[in-house]
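Reviewing the structure listed below.
Start at 1 and go down the list; that is how both ligands and their atoms are numbered. Please read all numbers here as calculations on a predicted model, not as lab measurements.
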Amino acid sequence: MNIKACIFDLDGVIVDTAVYHFKAWQGIASSLGFDFTHDMNEKLKGISRIDSLNMMLNMANIHKTDQEKDELCKVKNTYYQDSLNNINESAILPGITQLLETLESRRIKIALGSASKNAIKVLELIGLKENFEIIVDGNGVTRSKPDPEVFLNGAEGLGVQPNESIVFEDSLKGLEAAISGGFRTVGIGTAENLPLAEVVYGNLSGITFDDILAALN
Ligand code: BG6
Ligand code: MG
């Protein structure tokens with residue numbers, strides 16, 4: 001195995017913002033008169049804002065015009081951005097800072113592969129923007145995860161092949177994207193929620209890069 005790069009999802013992998021997306025969608029759901037549960041949210045993780053809304057409306061059997069959907073996406077993003085007011089480096093998830101330092105010292109390339117259009121803002125708020133050589137976010141892709149575009153663009157930007165790169169993901173859709181692109185995969189979460197990952201960690205606290213390489217071998 002010759003790993004040359006790591007490509008990280010953002011929300012729920014680098015930073016503890018997945019919960020704010022969830023709460024923002026809960027706000028939208030309650031304004032539409034239904035409960036948005038944790039199980040429903042698992043299905044939305046990793047996908048774009050408009051795809052998330054469409055999926056949510058389908059789950060609740062609610063029809064909206066394109067214009068109404070546009071408005072709901074704007075409101076959701078306002079809720080989400082309001083919650084970002086409290087974000088700083090304390091929201092970085094366990095083990096991430098250490099792992100990024102190790103990767104840098106070992107000349108392993110680092111990219112971001114996120115569906116979020118707020119990715120750069122979040123990276124700036126937590127002070128990690130400069131750690132990423134390539135940032136591919138929701139503004140730079142035409143197809144949402146589970147399409148591999150976001151990770152393929154990241155690998156191309158870094159000049160590495162997918163099978164030389166590890167994708168770190170907390171969502172099933174993101175893992176599907178990584179696998180269909182031919183990447184190695186690390187899941188962050190539970191094996192129950194992320195059965196497709198080659199290896200799953202609850203978080204990366206105390207997990208070294210060598211631990212990860214050994215687990216992928
Ligand atoms: C992903 C999140 O990272 O970004 C999703 O897992 C979110 O929950 C998606 O919907 C899009 O984010 P944004 O910030 O563009 O609405
Ligand atoms: Mg995520």
Side-chain angles (χ1 to χ4, degrees), residues 6-29 36-59 69-85 87 91-96 111-126 128-129 132 135-151 153-154 166-179 183 185-190 193-194 196-197 200-204:
C6 290
I7 306 181
F8 293 87
D9 173 49
L10 179 70
D11 300 306
V13 171
I14 296 286
V15 60
D16 195 12
T17 37
V19 61
Y20 298 126
H21 283 293
F22 175 48
K23 286 185 177 155
W25 285 125
Q26 271 187 320
I28 295 294
F36 183 60
T37 64
H38 273 283
D39 282 349
M40 289 163 136
N41 187 56
E42 268 322 300
K43 300 197 174 70
L44 263 60
K45 272 189 186 169
I47 64 176
S48 70
R49 200 178 307 161
I50 183 65
D51 287 355
S52 300
L53 177 67
N54 280 325
M55 199 176 270
M56 218 173 96
L57 293 174
N58 275 343
M59 288 170 183
K69 287 180 189 177
D70 210 42
E71 191 49 41
L72 286 166
C73 279
K74 281 192 187 127
V75 175
K76 186 269 172 179
N77 198 43
T78 305
Y79 291 160
Y80 178 65
Q81 289 192 335
D82 283 349
S83 61
L84 292 183
N85 288 333
I87 289 265
I92 298 171
L93 285 165
I96 288 294
L112 191 87
S114 167
S116 175
K117 294 185 172 173
N118 292 292
I120 291 192
K121 179 176 178 170
V122 170
L123 284 178
E124 281 171 350
L125 287 169
I126 60 174
L128 288 183
K129 182 164 172 269
F132 292 84
I135 295 175
V136 186
D137 65 11
N139 301 296
V141 290
T142 50
R143 296 180 300 277
S144 191
K145 298 171 187 176
D147 190 285
E149 182 183 10
V150 66
F151 297 130
N153 286 358
I166 305 171
V167 165
F168 292 74
E169 258 293 347
D170 71 319
S171 75
L172 202 51
K173 292 286 189 301
L175 286 167
E176 283 172 17
I179 290 164
F183 293 86
T185 53
V186 171
I188 305 296
T190 64
N193 285 338
L194 305 173
L196 298 176
V200 180
Y201 299 105
N203 64 54
L204 294 175

Establish, yes or no, whether a centroid distance under 6.0 Å links the rings of Phe8 and Phe168. yes

Do Ile126 and Val15 pass the side-chain contact (heavy atoms from CB on, under 4.5 Å) test, and can you show the C-alpha distance, the side-chain angles, and the key distance before you say yes or no? CA-CA 8 Å; Ile126 60 174; Val15 60; 3.8 Å; yes

With respect to Asp9, determine whether any N or O atom, backbone or side chain, lies less than 3.5 Å from an N or O atom of ligand 1. no

With backbone taken as N, CA, C and O and side chain as the heavy atoms from C-beta onward, which portion of Leu10 lies under 4.0 Å from ligand 1: side chain, backbone, both, or neither? neither

Using atom types as modelled and distance alone, determine if a side-chain donor or acceptor of Asn193 lies under 3.5 Å from a backbone N or O of Thr190. no

Could you go step by step and tell me if Val13 and Leu93 meet the side-chain contact (heavy atoms from CB on, under 4.5 Å) rule? CA-CA 7 Å; Val13 171; Leu93 285 165; 5.6 Å; no

Taking both backbone and side-chain atoms of Lys45, is any N or O found less than 3.5 Å from an N or O belonging to ligand 1? no

Do Asp11 and Thr17 have side-chain N/O donor and acceptor atoms under 3.5 Å apart? yes

Heavy-atom contact under 4.0 Å between Thr17 and ligand 1? no

Given that the side chain starts at C-beta and the backbone is N, CA, C, O, which of these parts of Ser116 lies under 4.0 Å from ligand 1, counting heavy atoms, or is it both or neither? both

Does the distance from a Lys or Arg side-chain N to an Asp or Glu carboxylate O, for Lys173 and Asp51, drop under 4.0 Å? no

For ligand 1, which atoms have a heavy atom of Ser52 less than 4.0 angstrom away? 10 (O)

Could you tell me if the ring centre of Phe22 sits under 6.0 Å from that of Phe36? yes

Name, closest N/O/S atom of Asp9 to the Mg ion (ligand 2): OD2

Where the closest heavy atom to atom 15 (O) of ligand 1 is concerned, which of Lys121, Lys117, Lys173 has it? Lys117

Atoms of ligand 1 less than 4.0 Å from Asn118 heavy atoms? 13 (P), 14 (O)

Which atom of Asp170 approaches the Mg ion (ligand 2) most closely (N/O/S): OD1

Provide the number and element of each atom of ligand 1 under 4.0 Å from a heavy atom of Lys76. 16 (O)

Sub-4.0 Å atoms of ligand 1 with respect to non-hydrogen atoms of Gly46: 2 (C), 5 (C), 6 (O)

How about Lys76 and His21: does a side-chain donor come under 3.5 Å of a side-chain acceptor? yes

When you measure from atom 3 (O) of ligand 1 to every protein heavy atom, which one gives the shortest distance, and what is it? Asp11 OD2, 2.7 Å

Is it true that Thr185 and Glu169 share a donor-acceptor pair across their side chains at a distance under 3.5 Å? no

Mark up the atoms of ligand 1 that fall under 4.0 Å of a heavy atom belonging to Ile47, in ascending order. 5 (C), 7 (C), 9 (C), 10 (O), 11 (C)

Within the 3.5 Å criterion, strictly below it, is a donor on Asn77 or Asn118 matched to an acceptor on the partner's side chain? yes

Can any side-chain N or O of Ser144 pair as donor or acceptor with the backbone N or O of Ser48 at less than 3.5 Å? yes

What is the name of the N/O/S atom of Asp11 that is nearest to the Mg ion (ligand 2)? O

Presence of N, O or S from Glu169 under 2.8 Å of the Mg ion (ligand 2): no

What is the closest protein heavy atom to atom 16 (O) of ligand 1, and at what distance does it sit? Arg49 NE, 2.7 Å

